[in-house]
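Here it is: the structure, laid out below.
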Amino acid sequence: MKPRVRFAPSPTGFLHVGSARTALFNWLYARATGGTYILRVEDTDQERNRPELTQQLLGELEWLGLDWDEGPVFQSEKLERHREVVQTFLEDGHAYLCDNENREVEGSVLAEGLAVRFRMPQGKTISFNDLVRGEVAFNTDDLEDFVIWRSNGTPMFLLANAVDDADMGITHAIRGEDLLSGVPKVLLLLDAMGVEHPTYAHLPLLVNEQRKKLSKRRDDVAVGDYREKGFLPEAMVNYLALLGWGPPDGVEIRSLSEIVKIFNIEDVNKAAAFFDIQKFEHINSSYLRDLSKEDFMNRVEPWIGGKAPWPEENFDPEKFSVMADLIQEKLRTLSDTPRFVDFLFLEEPDVDEDSWKKTMKDPQVADSLLGHIADSFEECEWETDVLKDLVTKAGEKVDLKLGKAQAPLRVAVTGRTVGPPLFETMSCCMTREEVLKRISDARKSL
Ligand code: GLU
């Protein structure tokens, strides 16, 4: 039988990276096994049952390229079915009515203002084989009767979850470890309905650098935040795939289509996975480097267009196109782009204070060095190698090697110590007059 695999998010207004990883692992499992990938929106919480929250969620999944074969199915539309199952449980004695004070109430018909609890059997062991965690067992003596229907006439999460999995013929449910403790209750509900259990796989917790669970307060947890920062979707899915899983051959940077070929859910490990932003940036920069020029130019558009820090009329697309070749391999994210080129489109460079302090800490040396550079730039050929040579010579006059000698010049011209290749940038994208003016302005500020 073909696996039927579902991703069943509750819309929260943003897609959490942990949830995105769950979406991905279900998708990978479905694609790797030739199964069907189903999207079910668990929107029974009335406050969160808002179309814009769901749209936002679907938009992020599409951005990541995790296409689904069936759905989205909305849990909120299944209310009648949930009620019917709860009613059956009341009739066959699996569940009972109770009032606001949790007291059992006689009767077997659902009624307004009354909740319903499922009766926990005594002295039973409930076990199942989790694809990640292996054999997991719970004793029912450690569990209590639990609410499956609220007195306001809505189903509780576990009930809706179990009924929908059963009705949709779900065979596999891959999800976060935080949901593990609910499984025995769901299995009891499925048994009471007389249907088979899906196979579960619980993915390890995501933690930050301090080994603490990722939290909205402390960490950037929304996929949308990473999108805004200029991470590429293909880098994001690649990185998410590495959270708890690793390719057997150790080659971590690879496309989703390649991952599908080697993905095996049983290779996922139990230990918490560190969400390592530096590693993510490294992967992103690798994807950025490999983009064709055309693709790069398309993707970077928002950062040099609407979001750019310079006056629109100053922007010169031809210059930027030249710069793109020089900077593409240096970027960690697309949002780094303006910092690498802004000095070309601003009247004056936006000088970074730390860079200034670091490179101009001896004002006399800096002034003398910049003076030599300016003199030699006055009438030279305006070419990369010539400029480099002249800065080397100016450096020698104040006893500085090229590496150290070009730093104050870079800060004078670009405002920062880190940026595009300096000599090429000056020769290709700036005039002699512009460079000399910036050197002179920097000397005045010393
Ligand atoms: N709707 C649940 C959540 O977003 C997940 C349910 C499941 O995967 O079984 O936490």
Side-chain angles (χ1 to χ4, degrees), residues 3-30 35-50 53-58 60-61 64 66 68 70-79 82 85 128 130-133 136 138 146 148 150 154-190 193 195-206 213-216 221-224 240 243-244 265 268:
R4 289 179 57 78
V5 188
R6 90 311 195 261
F7 171 52
S10 312
T12 54
F14 68 96
L15 182 63
H16 190 288
V17 288
S19 202
R21 181 197 49 175
T22 300
L24 171 63
F25 279 50
N26 278 293
W27 185 93
L28 284 171
Y29 188 82
T36 306
Y37 184 57
I38 303 158
L39 178 62
R40 180 172 79 224
V41 180
E42 302 213 313
D43 56 350
T44 43
D45 176 345
Q46 285 181 328
E47 263 180 39
R48 291 184 171 162
N49 178 5
R50 296 209 309 267
L53 297 189
T54 302
Q55 276 321 312
Q56 198 270 348
L57 178 79
L58 303 188
E60 300 294 28
L61 291 175
L64 290 170
L66 303 178
W68 51 92
E70 282 183 22
V73 173
F74 293 95
Q75 197 159 55
S76 57
E77 289 171 10
K78 309 272 180 196
L79 184 68
H82 298 147
V85 174
F128 63 99
D130 188 282
L131 291 181
V132 173
R133 311 190 63 87
V136 183
F138 292 86
F146 57 101
I148 54 175
R150 297 187 188 87
T154 59
M156 288 293 279
F157 160 68
L158 293 178
L159 184 276
N161 192 260
V163 172
D164 290 358
D165 276 352
D167 287 357
M168 292 165 74
I170 299 300
T171 60
H172 291 79
I174 301 171
R175 48 205 210 140
E177 195 182 270
D178 50 324
L179 294 166
L180 186 66
S181 62
V183 177
K185 294 176 184 169
V186 169
L187 297 184
L188 286 170
L189 294 170
L190 294 170
M193 289 169 73
V195 295
E196 276 186 37
H197 303 166
T199 300
Y200 290 98
H202 286 87
L203 305 174
L205 203 68
L206 297 187
K213 185 176 167 198
L214 284 193
S215 95
K216 203 163 126 188
V221 294
V223 167
L240 291 173
L243 296 171
I265 188 77
V268 172

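Order of appearance sets the numbers: ligands from 1, and atoms from 1 within every ligand. The figures that follow rest on heavy atoms only: side chains count, while hydrogens, waters and symmetry mates do not.
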Closest protein heavy atom to atom 8 (O) of ligand 1, given as residue, atom name and distance to 0.1 Å: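 Here the closest protein heavy atom is R6 NH1, 2.9 Å.
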Decide whether an N or O pair under 3.5 Å exists between L179 and ligand 1.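 No - when backbone and side-chain N and O of L179 are compared with those of ligand 1, no distance drops under 3.5 Å.
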Residue among T171, D165, N26 satisfying side-chain hydrogen bond (donor to acceptor under 3.5 Å, both in side chains) with R6: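 When T171, D165, N26 are each tested with R6, the side-chain hydrogen bond (donor to acceptor under 3.5 Å, both in side chains) holds only for D165.
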Please write down residue, atom name and distance for the protein heavy atom closest to atom 6 (C) of ligand 1.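 Checking every protein heavy atom, the shortest distance to atom 6 (C) of ligand 1 gives E42 OE1, 3.3 Å.
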Between Y200 and F128, what is the ring plane arrangement, given parallel below 30°, perpendicular above 60°, and tilted in between?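 If you compare the ring of Y200 with that of F128, the planes turn out perpendicular.
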Does ligand 1 have a heavy atom under 4.0 Å from the side chain of D178, from its backbone, from both, or from neither?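 Neither part.
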Atom CG of L180 and atom CZ of R133: how far apart are they, to the nearest 0.5 Å?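 If we round to the nearest 0.5 Å, L180:CG and R133:CZ are 6.0 Å apart.
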Please could you name the atoms of ligand 1 that F157 approaches to less than 4.0 Å, counting only its heavy atoms?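 Close to F157: 1 (N), 2 (C), 6 (C).
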Interatomic distance, L243 atom CG to F25 atom CZ [nearest 0.5 angstrom]: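 Nearest 0.5 Å value for the CG-CZ distance: 7.0 Å.
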Looking only at protein heavy atoms, which one is nearest to atom 3 (C) of ligand 1, and how far off is it?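 Scanning the protein heavy atoms, the shortest distance from atom 3 (C) of ligand 1 goes to S10 OG, 3.4 Å.
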Within a radius of less than 6.0 Å around CD of E70, do more than 12 heavy atoms belonging to other residues, nucleotides or ligands occur?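 Yes, enclosed.
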List every atom of ligand 1 that sits less than 4.0 Å from any heavy atom of N161, numbering the atoms from 1 in the order shown and giving each element.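 Those qualifying, in numeric order: 6 (C), 7 (C), 9 (O).
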Can you tell me which residue and heavy atom of the protein come closest to atom 5 (C) of ligand 1, and the distance to 0.1 Å?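 For atom 5 (C) of ligand 1, the nearest protein heavy atom is A8 O, 3.2 Å.
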Atom CD of E77 and atom NE2 of H82: how far apart are they, to the nearest 0.5 Å?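 These two atoms lie 11.0 Å from each other.
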Euclidean distance, M156 CE relative to I148 CD1, rounded to 0.5 Å: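 Here the rounded value is 10.0 Å.
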Mode of F7 contact toward ligand 1 - side chain, backbone, both, neither (heavy atoms, under 4.0 Å):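 Answer for F7: neither.
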Atom CE of M193 and atom CG of L159: how far apart are they, to the nearest 0.5 Å?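 Rounded to the nearest 0.5 Å, the CE-CG separation comes to 8.5 Å.
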Identify, by atom number and element, the atoms of ligand 1 in contact range of P9, meaning under 4.0 Å from any of its heavy atoms.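 Answer for ligand 1: 1 (N), 4 (O).
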Do me a favour and list the nearest non-hydrogen protein atom to atom 9 (O) of ligand 1 with residue, atom name and distance?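 Answer, as residue, atom name and distance: R175 NH1, 2.5 Å.
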